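Accompanying notes for the structure given below.
These numbers come from the heavy atoms of this one structure, side chains and all, not from hydrogens, waters or symmetry mates. Quantities reported herein were computed from a predicted structural model and do not represent experimental measurements.
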Amino acid sequence: MTIDPRTPVLVAVGEVTNRSATVVDPIELATEATRRAFADAGVPIGHRIDTVATPGILMIGRDHPASRIAEAAGLRAHRRISCPVGGNTPQYLAGMLGQDIMCGQVDAALIVGAEAGNSARRGRAAGTLPVAGPVEGHDETLGDARPGLSAIEMGAGLHWPHEVYPIFESAMAARAGRTLDEQRVWLGRLMAPFTTEAARHPDHAWFPTERTPEELSTVTADNRMVCEPYTKLLNSILTVDMAAAFVIMAAEVAQDLQIPRDRWVFSWASATCNDVYFPVQRPDLSRSAGIRAAGSRVLAAAGIGLDDVSWFDLYSCFPAAVEAAVDALGLEATDPRGFTVTGGLPYHGGPGNNYVSHSIVEMARRCRADPKGVGMVSGLGWYITKHSVGLWSAAPPPKGWQAPDMSSTQASIDSTALHVVEASAAAGVARIDGYTVVHDRDTGPASVPVFASTPDGHRVVARSDDPDLAAAMSGGMFVGHEIDLKPSHDHARFELR
């Protein structure tokens, strides 16, 4: 098979998980992952890197992180890219830089990211956070920098992923005909195989411990309820010290460098698509139009079907993200291929925006070990919002590298956004579309945020801070129930009818 000389090919991977008691800087971690990736190529490649790109660093943040990494690694890359928040970023960068490679604008790109959340936690406690000096380079920004939540959602007290994803989960549970308590038990069965996979990677997974479904779903002193139906063990953990890196370059550059062919893994296709951007405006809280569109388009562009995929790594910050992808791709929850090659964010570790770099690294290893296999990687940003899906294989892409144009599909999805009622105008009857019961660490059920629909089809965000109501709604299923809205200047309040 003739390969277009500009076809993007992954040639090097490296990752590091730091468990030492030393407080480390994320740039230090990223530099070590880069060193390991360069060693993995089998021949010198650093001198050919013309682009360094990094997902945004959340913990111990650094300005111009790509420039800092390039300088620390001794690279003379003239293009340096840093990205805003988005767990889809590594696969997104693989797609965007893949296009630039095909067009001849980039020859060889290092994609590398790191998080030092564990160091941040320990360093703040000890007052020993590492301090960064000045940097000479200046990063360009690539990616959608909008915040993940609208002002009206934040006004109702929603600020963090662990508060929002359970709202999606309630809608998914309702569609399946389960209460929140029943959903929690079912989620234990869904996520237990992720722990099994994490246990297979003791050198890289932050929590390489196999757990039973009951261990994940049963509420105990060590596995407290956070926001129903998620216990602590069903949440991803950001306090990890991890980094991962991979290098993609034009096939002709890899050939010129004489990189062994057993190192090559081809990017077959990549697509990025958003759901309706703000969660409150989505017409169906239980499904993802963005994942459905990106997934179907990469498969069609590569000329294969879902049955041709050997391995999946579906973004897994919270179970709802996995469920949304399983549903959107048309998979069964019991698919024997499984949904992760690492253990996922809750058990492999949730290194901020960079998890998908780790999943691409491990997917590359799978492809090298079985050159005929095809792997699918999905990345997700914010609140089931930004999606990037890619196909990888050690075999050359049968239709050449593909990056389908998603602009018309994106416009169609965006056109479904619902009108949102302002807090000061939220009055009358509404019907709950999704909610969670937020638990206080010590006292239990404390508050209930809801997304609800008005009779005219508009959406409203409301919240009750009545612990008695929260306790009454705990464990049950109130999607579809009517509520009475009470307007307010900050956020709408509600009572059950």
Side-chain angles (χ1 to χ4, degrees), residues 13-33 36-37 54-61 87 89-90 112-125 160-162 165 187-188 190-212 215-216 222-224 226 230-246 313-319 321-322 338-363 365-366 377 379-380:
V13 298
E15 60 183 326
V16 58
T17 297
N18 174 68
R19 294 189 178 88
S20 74
T22 304
V23 173
V24 295
D25 189 287
I27 303 302
E28 177 185 347
L29 288 173
T31 304
E32 175 60 19
R36 296 185 183 194
T54 184
I57 298 172
L58 297 178
M59 308 294 282
I60 314 183
T89 300
V112 55
E115 285 293 346
N118 190 45
S119 284
R121 178 180 59 82
R122 290 185 291 110
R124 289 192 181 102
W160 303 106
H162 72 269
Y165 275 87
L187 292 176
L190 175 71
M191 299 305 293
F194 284 66
T195 73
T196 302
E197 189 61 49
R200 297 191 184 111
H201 303 273
D203 293 337
H204 297 133
W206 197 256
F207 303 106
T209 302
E210 185 171 10
R211 296 184 182 275
T212 66
E215 286 180 285
L216 298 181
D222 293 328
N223 189 33
R224 65 183 178 86
V226 182
Y230 293 161
T231 60
K232 181 180 177 181
L233 289 175
L234 294 173
N235 287 257
S236 62
I237 304 298
L238 188 59
T239 51
V240 300
D241 288 352
M242 307 176 80
F246 59 98
D313 199 87
L314 306 181
Y315 201 80
S316 53
C317 52
F318 295 89
V322 179
F339 303 129
T340 181
V341 296
T342 68
L345 281 87
Y347 316 113
H348 172 271
N353 299 313
N354 197 51
Y355 166 76
V356 172
S357 292
H358 292 270
S359 62
I360 289 173
V361 165
E362 180 57 28
M363 192 64 77
R365 295 186 183 120
R366 297 279 182 109
V377 170
L380 177 155

**OP:** Calculate, to the nearest 0.5 Å, the distance between atoms CZ and CD1 belonging to F207 and I237 respectively.
**Re:** 5.5 Å
Subject >> Side chain N18, main chain D241, donor-acceptor under 3.5 Å >> reply: no
Original post:
So, do H348 and E197 sit near enough that their side-chain heavy atoms are less than 4.5 Å apart?
Top reply: no
**OP:** Give a yes or no on whether the backbone of A244 and the side-chain of R36 come within a donor-acceptor separation of less than 3.5 Å.
**Re:** no
**OP:** Can you see which heavy atom on I57 is nearest to which on A114, and at what distance?
**Re:** CG1-O, 3.7 Å
**OP:** Would you confirm whether N223, through its side chain, and L216, through its main-chain N or O, come within 3.5 Å as a donor-acceptor pair?
**Re:** yes
**OP:** Decide yes or no for L234 and M191: does some side-chain heavy atom of the first lie under 4.5 Å from some side-chain heavy atom of the second?
**Re:** yes
Original post:
What's the spacing between K232 NZ and H162 NE2 if we round to 0.5 Å?
Top reply: 12.5 Å
**OP:** Please round to the nearest 0.5 Å and tell me the distance separating atom CG of L314 and atom OG of S359.
**Re:** 10.0 Å
Subject >> Close side-chain approach of Y165 and N235, heavy atoms under 4.5 Å >> reply: no
Original post:
Quick check: does any side chain N or O of E115 sit under 3.5 Å from a backbone N or O of V240, one acting as donor and the other as acceptor?
Top reply: no
Original post:
Hey, does the side chain of T195 reach the backbone of R211 with a donor-acceptor pair shorter than 3.5 angstrom?
Top reply: yes
Original post:
When you look at H204 and H358, which way does the ring-ring contact (aromatic ring centres under 6.0 Å, His included) test go after all the steps?
Top reply: CA-CA 9 Å; H204 297 133; H358 292 270; 8.0 Å; no
Original post:
T342 and Y355: side-chain donor and acceptor closer than 3.5 Å?
Top reply: yes
**OP:** Check the pair T239 / W206 against side chain to side chain contact (heavy atoms under 4.5 Å, CB included), numbers first and verdict last.
**Re:** CA-CA 10 Å; T239 51; W206 197 256; 5.6 Å; no
Original post:
Looking at side-chain heavy atoms only, is the closest gap between S316 and T340 below 4.5 Å?
Top reply: no
Original post:
Using 4.0 Å as the upper bound for N to carboxylate O, is an ion pair formed by D313 and R366?
Top reply: no
Original post:
How far apart are the closest heavy atoms of T212 and A192, and which atoms are they?
Top reply: C-CB, 4.2 Å
Original post:
Nearest heavy-atom pair of A116 and L29: which atoms, and what distance?
Top reply: CB-CD1, 4.2 Å
Original post:
Would you call E362 and R200 a salt bridge, using N to O less than 4.0 angstrom?
Top reply: no
Original post:
If we only count heavy atoms from C-beta on, is the D203 to T17 side-chain gap below 4.5 Å?
Top reply: no
**OP:** Return the minimal non-hydrogen interatomic distance between P55 and N354, and the atom names on each side.
**Re:** CG-OD1, 3.5 Å
Original post:
For V112, does its backbone N or O pair with a side-chain atom of T54 as donor and acceptor, under 3.5 Å?
Top reply: yes
Original post:
Which atoms form the tightest heavy-atom contact between H201 and P208, and what is the distance?
Top reply: O-CB, 4.3 Å
Original post:
Taking all non-hydrogen atoms of both residues, which atom of V24 and which atom of S119 are closest, and how far apart?
Top reply: N-OG, 2.9 Å
